2 protein chains.
Amino acid sequence: MVNKNKSKTTEEKILAAARKVFTTKGMTGARMQDIADEAGMNKALLHYYFKDKDKLFENVFLAEAQKFFPKINAIFNSEETLFDKIRNFVSEYIDEILSNPDLPWFVLNEMNRDPEQFLFKVWGKENLPKPAKLLAQVEQEVKAGIIKPISPVHLLMNMISLTIFPFVGKPMFLYNLRISEKQFREIMEQRKKEIPEFIINAIKK
Amino acid sequence: MVNKNKSKTTEEKILAAARKVFTTKGMTGARMQDIADEAGMNKALLHYYFKDKDKLFENVFLAEAQKFFPKINAIFNSEETLFDKIRNFVSEYIDEILSNPDLPWFVLNEMNRDPEQFLFKVWGKENLPKPAKLLAQVEQEVKAGIIKPISPVHLLMNMISLTIFPFVGKPMFLYNLRISEKQFREIMEQRKKEIPEFIINAIKK
DNA sequence: ACTTTTGTTAACCAAATGGTTAAACCGTAT
DNA sequence: ATACGGTTTAACCATTTGGTTAACAAAAGT
């Protein structure tokens with residue numbers, strides 16, 4: 001059997017603790033001692049399992065980022081209609097973030113620190129995100145008179161902003177709208193349908 | 001005369017350097033020595049002018065946050081129509097951020113660290129942001145059949161997301177869409193009209 | 001049984017870092 | 001010229017911090 005009930009392996013404990021501390025205090029603000037305390041073990045163990053702080057940090061988030069982001073390209077470059085791409089993109093993105101709520105913050109931080117380095121780590125050398133096809137598709141549907149005239153860049157920005165921002169600004173929304181964690185989650189679930197509807201209403205003729 | 005041409009006062013040099021370093025490295029990642037280097041002066045001068053690191057950090061951003069945010073309440077609670085509120089909110093917000101591009105990142109970071117503490121500093125004790133009136137107005141216009149049915153919370157989230165996120169995700173957009181600083185600025189200028197149009201299209205009947 | 005490997009800890013270390021201090025600098029009023 | 005105020009600097013200090021080490025414990029091989 002793989003791993004009975006509540007008994008996490010030491011490595012898992014470290015990762016869980018590290019995620020928690022890194023998320024609230026950021027990479028530079030997090031202390032190895034904090035993580036050790038949170039995990040209930042000796043600091044040296046962190047180094048035993050994950051060489052150093054940088055390696056630990058990467059291990060916490062990078063794996064998931066690597067799994068997730070290439071999916072986006074797949075959606076962008078698929079043969080679906082624009083409306084279906086919007087629906088899929090929003091829905092898949094929100095699902096991913098719901099099961100991994102700190103990912104956006106991590107990504108944003110890394111992109112701020114060193115975009116090239118980060119994109120290289122996540123996408124590999126040549127396989128960068130290519131929104132070109134989606135952008136072209138938008139332009140084409142505008143010309144064909146299927147949707148209202150809109151700059152493809154703005155539409156893409158809107159899709160991404162509507163999807164990601166609530167997670168980044170979560171503490172702000174929680175506090176200002178006085179909603180609970182549970183309500184927040186429900187609202188995000190609703191957004192899987194609300195956002196595509198909102199966007200499609202905005203652009204359809 | 002107040003301050004000839006290029007000659008910044010020492011205090012201004014410090015603030016400019018601090019903003020730059022704090023913005024790229026974050027509060028915890030920034031080193032007092034980095035800031036001193038950037039400003040071309042001795043580290044002790046930073047402490048001479050601004051007591052300690054925390055005080056310096058607050059001085060960099062807090063003043064502007066305090067000036068800006070109460071404006072939002074004014075818009076939310078004004079007697080304008082919903083559509084005009086949307087136009088004003090987006091336009092004023094983007095203008096503010098354009099003249100102070102690091103503000104959103106700063107706000108998000110602080111809200112993540114300690115929401116209560118931050119809101120208290122920015123808004124004062126009792127004067128917290130109150131979106132209630134706007135939310136009610138949305139609900140009312142939905143009932144009156146002026147706009148399509150939409151949850152007020154989602155609409156508010158959408159407004160804020162569309163407005164703020166592009167600035168937070170700027171490095172991501174710059175790099176993935178291969179646009180220049182100058183182009184980015186132009187796009188943001190366009191968004192002052194694009195976003196309200198987009199939102200209004202999405203909700204008007 | 002005992003040896004080897006793996007996991008865990010307390011104590012330690014060197015470097016980095018925020019902050020202090022005492023002296024020097026410099027314009028200006030006496 | 002000189003005394004004086006604010007300004008600036010080099011040197012220094014105390015603490016924090018990431019990382020190491022050597023010893024110990026627990027499993028796993030033999």
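Computed from a predicted structure; not experimentally measured. The chains referred to below are lettered A, B, ... by the order of the sequence lines, with proteins before strands, and numbering in each begins at 1.
A/Phe76 is not listed as a side-chain neighbour of A/Lys133, based on a closest heavy-atom distance of 4.5 Å or more.
Distance NZ (A/Lys55) to C1' (D/dT20): 16 Å, rounded to an integer number of Å. For the pair B/His47 NE2 and C/dT17 P, the interatomic distance rounds to 13 Å; values are reported in whole Å. Atom P of nucleotide C/dG19 and atom CD1 of B/Ile35 are separated by 11 Å, given to the nearest angstrom. Here C/dT17 presents its C1' atom at 13 Å from CG of B/Asp37, a figure rounded to the nearest Å. Going from atom CG of A/Asp52 over to atom C1' of C/dA15 covers 15 Å, rounded to whole Å. Distance, B/Lys25 NZ to C/dA16 P: 13 Å, rounded to whole Å. C/dG19 atom P lies 13 Å from atom CD of B/Gln33, rounded to whole Å. Look at CZ on B/Phe50: it is 17 Å from C1' on C/dG18, rounded to the nearest Å.
Side-chain polar atoms of B/Glu80 and B/Ser78 form a donor-acceptor pair below 3.5 angstrom. A donor-acceptor contact closer than 3.5 angstrom links the side chains of B/Lys85 and B/Gln137.
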Go through B/Glu181 and B/Lys170 one step at a time and tell me if the salt bridge (Lys or Arg N to Asp or Glu O under 4.0 Å) criterion holds.
CA-CA 9 Å; B/Glu181 283 280 345; B/Lys170 180 176 166 185; 2.9 Å; yes

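When heavy atoms are screened at a 4.0 angstrom cut-off, B/Ala30 is found touching the sugar-phosphate backbone but no base atom.
Pairs of residues two or more places apart, or lying in two chains, that qualify as side chain to side chain donor-acceptor pair (under 3.5 Å) and include a residue from residues 189-200 of chain A are A/Asp95-A/Lys192, A/Glu189-A/Lys192, A/Gln190-B/His154, A/Arg191-B/His154, A/Arg191-B/Asn158.
For B/Asp84, the salt bridge (charged side-chain N to carboxylate O under 4.0 Å, His left out) partners two or more places apart in sequence, or in a different chain, are B/Arg87.
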Protein-nucleic acid N or O pairs under 3.5 Å, nucleotides 8-16 of chain D:
{"residue": "D/dT8", "atom": "OP1", "partner": "B/Thr10", "partner atom": "OG1", "Å": "3.1"}
{"residue": "D/dT8", "atom": "OP2", "partner": "B/Thr10", "partner atom": "OG1", "Å": "3.3"}
{"residue": "D/dT8", "atom": "OP2", "partner": "B/Tyr49", "partner atom": "OH", "Å": "2.9"}
{"residue": "D/dT9", "atom": "OP2", "partner": "B/Asn42", "partner atom": "N", "Å": "3.0"}
{"residue": "D/dA10", "atom": "OP2", "partner": "B/Asn42", "partner atom": "ND2", "Å": "3.4"}
{"residue": "D/dA10", "atom": "N7", "partner": "B/Asn42", "partner atom": "ND2", "Å": "3.0"}

